[in-house]
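Keep in mind that what you see is a predicted model, and the values were worked out from it rather than measured.
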Number of protein chains: 2
Amino acid sequence: MIKIILFDDNRNICDSIGLLFSTIDDMILVASYHNVEDVVDKVRKANPDVILMDIDMSGITGIEAVRRLRSKNISIPVIMLTGFEDADKVFASICAGANGYILKSANMNELVGHIKDVHNGGAPMTPIIARKVLDRFVKLQAAPHPEEDFNLSKREDQVLQLLVKGKSYKMIAEELNISYETVHSHVRRIYQKLQVNSVSEAVSKTLSLRFWGTTS
Amino acid sequence: MIKIILFDDNRNICDSIGLLFSTIDDMILVASYHNVEDVVDKVRKANPDVILMDIDMSGITGIEAVRRLRSKNISIPVIMLTGFEDADKVFASICAGANGYILKSANMNELVGHIKDVHNGGAPMTPIIARKVLDRFVKLQAAPHPEEDFNLSKREDQVLQLLVKGKSYKMIAEELNISYETVHSHVRRIYQKLQVNSVSEAVSKTLSLRFWGTTS
DNA sequence: AAATAATTCACCATAATTGGTGATTTCTGT
DNA sequence: ACAGAAATCACCAATTATGGTGAATTATTT
């Protein structure tokens, strides 16, 4: 038997969800609230297996509620009910520690499946939401080479990549089969182009760019 | 009518998927291949609406195939067929630009739904895969300090953060109001704990960890 | 063919980092 | 109160990095 608690300030939603669970054998709605005042206490008292949470309530939002639960080390899975697919709110929920993201408009049969999913450690979400998450994920991962951004030559880029790996001038010289002084030359020009004056700055700038697409 | 092309080196899978589409009215399997040689040409010729791609084939992998398609600006949605839920391969696929991620073991009815999903711009994935993506997503946003991972003390972490910013020992000493030699001491212990022996390595390790959640 | 950029190398001097050893004081948990 | 960790500082020696200047050779582009 999966115990469920619901937070949603829309009475209609609450009613229809209540109705739903009355027809499901292995799930039970143990409590439902129209706001998230004292959410931590309420959840502790009800001790549910899954929490359904409206993403956007008047007063304290569902996002903030999740944050509060997680900050108290309450790791009960939370499914966010999104009124429409608001990407920013979903991302905020993800960072707050919510588990699943579904549309209120989703039909109720799906909701039952989603509850089983989070109960099994999954993160159910609609494909459109997933697409948005992936788009942002890819943006974060995309690793632009500084070559393009700073007009580094091929060789300069090679040297920079080795500096990033923590190699010394001497090691780079060996690896590229050029003299120490040539490495020195390349590094000088790299520093000029990157507007830095130490390896650490160069590495930092390179990796920051690679990771976040910006150096600021 | 949704035109579908399949790449999978497992003959059984190919057969069962072929069988599936013969029973679906509005979908048609226009071609299927057991490898991804000349994937770009094959896709251009078949001009499908959706591509089904085994994530891990002998020779050129499905991941590489997606990369090649995307590099030629072919943006036809791709659903990756994952043998088991290998997180790293899924992440690689995401970065390569694939759209959906489903288990080969998923029953075929689901596959039909997933094809409709990607065809509508969504990114269908199993809840478990979604969970893993979200976990990594949160890690990216949360930028963990290496303090926890390497047992750095408070002061050591401060020093490391300044090294990451490209500061010299002297600058760090000024900023923290301690002597140059103290900075030197901290750096020594940091190197020992991070198992490195230069700033660039330390910076690299720190930023890699911050971003990927791993240093390998 | 000429101009420009890229790659290569060298010498010099100064500054910064790295590693070793040792030691004192302050903080923290028991 | 005591043990152990954290933070502080110092001296020494060797290595490495940085910045300046200059220059030759090879590619690339116009």
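- The aromatic rings of F7(B) and Y33(B) lie parallel to each other, their planes meeting at an angle below 30°, with 60° marking the opposite boundary.
- The interatomic distance linking I178(B) (CD1) with dA6(D) (C1') rounds to 12 Å, in whole Å.
- Between the C1' atom of dC9(C) and the CZ atom of R189(A) lies a distance of 12 Å, rounded to the nearest Å.
- Counting only residues at least two apart or in different chains, salt bridge (Lys or Arg N to Asp or Glu O under 4.0 Å) contacts with residues 41-54 of chain A comprise D54(A)-K104(A).
- Recorded end-axis angle for the helix from dA1(C)-dT30(D) to dT30(C)-dA1(D) stands at 70°, based on five pairs per end and rounded to 10 degrees.
- If you measure from atom CD of Q158(B) to atom P of dA6(D), you get 14 Å, rounded to the nearest angstrom.
- At dC9(D), one or more side-chain N or O atoms of T182(B) fall inside 4.0 Å of OP1 or OP2 (strictly under the cut-off).
- The phosphate of dC9(C) has OP1 or OP2 within less than 4.0 Å of a side-chain N or O from S179(A).
- Atom pair D157(A):CG and dT7(C):P shows a separation of 10 Å (rounding to whole Å applied).
- Under the rule for a salt bridge (charged side-chain N to carboxylate O under 4.0 Å, His left out), D38(B) has no partner lying at least two apart in sequence or in another chain.
- Contact annotation: S153(A) does not reach the phosphate of dA6(C) (side-chain N/O to OP1 or OP2, under 4.0 Å).
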Heavy-atom protein contacts under 4.0 Å, nucleotides 11-22 of chain D, coded B base, S sugar-phosphate only, - none: B----SBBBBB-
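- Between Q192(A) atom CD and dA5(C) atom P the separation is 13 Å, expressed in whole Å.
- With 3.5 Å as the limit, one finds no donor-acceptor pair spanning the side chains of Q192(B) and R189(B).
- Side-chain atoms of Y191(A) come within 3.5 Å of backbone N or O of V199(A) as a donor-acceptor pair.
- Rounded to whole Å, atom P of dT18(C) lies 10 Å from atom CD1 of I172(B).
- Proximity of S93(A) to I63(A): side-chain heavy atoms (C-beta onward) are separated by under 4.5 Å at one or more points.
- As a whole-Å value, the separation of I190(B) CD1 from dA6(D) C1' is 13 Å.
- Residues satisfying the side-chain contact (heavy atoms from CB on, under 4.5 Å) test with E181(A), not counting sequence neighbours, are S179(A), H184(A).
- Counting to the nearest Å, the C1' atom of dT7(C) and the CG atom of L160(A) are 17 Å from each other.
- In this structure, the side chains of M125(A) and V90(A) stay at 4.5 Å or more apart for every pair of heavy atoms.
- In this structure, E174(A) has no salt bridge (charged side-chain N to carboxylate O under 4.0 Å, His left out) partners at least two apart in sequence or on a different chain.
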